[in-house]
Amino acid sequence: MIRGGTIVDLTGTQVADVLIQDGVVATIGSKISSVPAGTVVLDASGCVVAPGLVDLHAHLRQPGREEAETVATGARAAALGGYTAVVAMPNTEPAIDCAAVVREVLDLGAGSCCDVRVAGAITVGRQGRQLAPMAEMAGLGVQIFTDDGCGVQDARLMRRAMEYASALGVTLAQHCEDASLAGGGHMHEGEWSSRLGIAGQPAEAEELMVMRDLALARLTGASMHFLHLSTAGSLAMIRGAKASGLTVTAEVTPHHFTLTDAEVASYDPVFKVNPPLRSESDVEAVKAALADGVVDAIATDHAPHAQETKEAPFDEAPPGMLGLETALGLALTELDLPIERILALLSWQPADIAGLTAEHGGPIAVGRPANLCVIDPTAKWVVDPAALASRSRNTPYTGRALVGRTRHTVLFGEPVVVNGEAQR
Ligand code: DOR
């Protein structure tokens, strides 16, 4: 029983208790009094009761990089962040590029704190040379395919992938980065890269691939999802593509609406990420695109890295930052949007993109699977890396004061986070 909260989902807002039985919502009503003996009661007073959040973009590192994260620790971080479903990216070792590895990651996720789904690679080993067996992965329920970590450079291969994806009814998700233009760059190319003497990658390295893939989507009719867009130019192109009727969707990350390339002046590799932190005007464009609906989802790009790798000099350290435990707090604190919009971006719109609407993203209604989070929108907290559940510590938000935090998370009717404590 979730008692005393305000339900917010894609159908609207109502003050009501939610009684859950056998994994599904059994009753919604004001001050439900007939409650079976032994019912666990979660206090939601002052809180928003929402469909669980859905992350389209998390690096859970297993198999292969278990020193940085495991599926279990990543799922715990996700649940603490309010997520009931995450899509695990395929840049593992080996890559998730065949049915066997898909099955392995799904098995690792079973029984964890979160519903772990996987994205399959577009090409074998994410090498960009030969298409991966997408059909056999789709047969296991894989809905999203991407070589994330790098973009598919070969336009002809990308066209073929789009044709297969259309036939299979799955979505391709592109990490937009033209390797020849971005190559050797460790941060955004601009005033700060010049001042700091760090080689940059220009905004155009992202924008060229957005432009190419929009052209290929028009050619093939494939539905495309654009990962972690970070520049004003990319978002302007997505705005135009949507207006012209292309079936494209786009995500942005919390770090691209909260941090700029000026952070790199510290030379601290915790601020190294791909795509890189951009200029102030790009950050403003990301916020504007979140407000006007051009962006469909906020995705974390949660990218744990072991401490020793992030202690290398800036140009040698791997790119990536943690995201699962801070995304909701950052969105609530930094975006001047109503909570319904923020939840659309974090829950039901990504659930739709990932093909998960039967189980995630609401609505909160009788008979629906009870995948829910209870958010205290007034909870004040300060990000402390030592207190995070992730196995890694590479958050760029150490010491940042946030307002808004997950109090409870319920996964298929089971409380997996209670009063901010993981139960598994
Ligand atoms: O910063 C990033 N880190 N960007 C990516 O695309 C990959 C990710 C990782 O896997 O560490």
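Order of appearance sets the numbers: ligands from 1, and atoms from 1 within every ligand. Values reported hereafter were calculated over all heavy atoms of this structure, with side chains retained and with hydrogens, waters and symmetry mates removed. Numbering starts at 1 and runs along the sequence shown.
In this pair, His175 and His228 present their aromatic rings perpendicular. The plane angle is above 60°, beyond the 30 to 60° band.
The contact set between ligand 1 and Val273, taken as ligand atoms under 4.0 Å from a residue heavy atom, comprises 1 (O).
Residue contacts with ligand 1, taken as heavy atom pairs separated by less than 4.0 Å, involve Arg61 solely via side-chain atoms from C-beta onward. With a 4.0 Å cut-off on non-hydrogen atoms, His175 touches ligand 1 through its side chain and not its backbone. Residue contacts with ligand 1 for His305 involve side-chain atoms from C-beta outward but no N, CA, C or O (heavy atoms, distance under 4.0 Å).
A donor-acceptor contact under 3.5 angstrom links the side chains of Glu69 and Ser390, judged on distance only. Looking at Thr123 and Asp147, their side chains do bring a donor and an acceptor atom within 3.5 Å of each other. In summary, the side chains of Thr249 and His225 do present a donor paired with an acceptor at a separation below 3.5 Å, with no hydrogens or angles considered. A donor-acceptor pair shorter than 3.5 Å cannot be found between the side chains of His302 and Asp55.
For atom 10 (O) of ligand 1, the closest heavy atom belonging to the protein is Asn91 ND2, 2.8 Å. Looking only at heavy atoms of the protein, atom 1 (O) of ligand 1 is closest to Asn274 N, 2.8 Å. In terms of protein heavy-atom proximity, atom 8 (C) of ligand 1 is nearest to His59 NE2, 3.7 Å. Closest to atom 3 (N) of ligand 1, if we only count protein heavy atoms, is Pro319 O, 3.0 Å.
A donor-acceptor pair under 3.5 Å is absent between the side-chain atoms of Arg278 and the main chain of His256, judged by distance alone.
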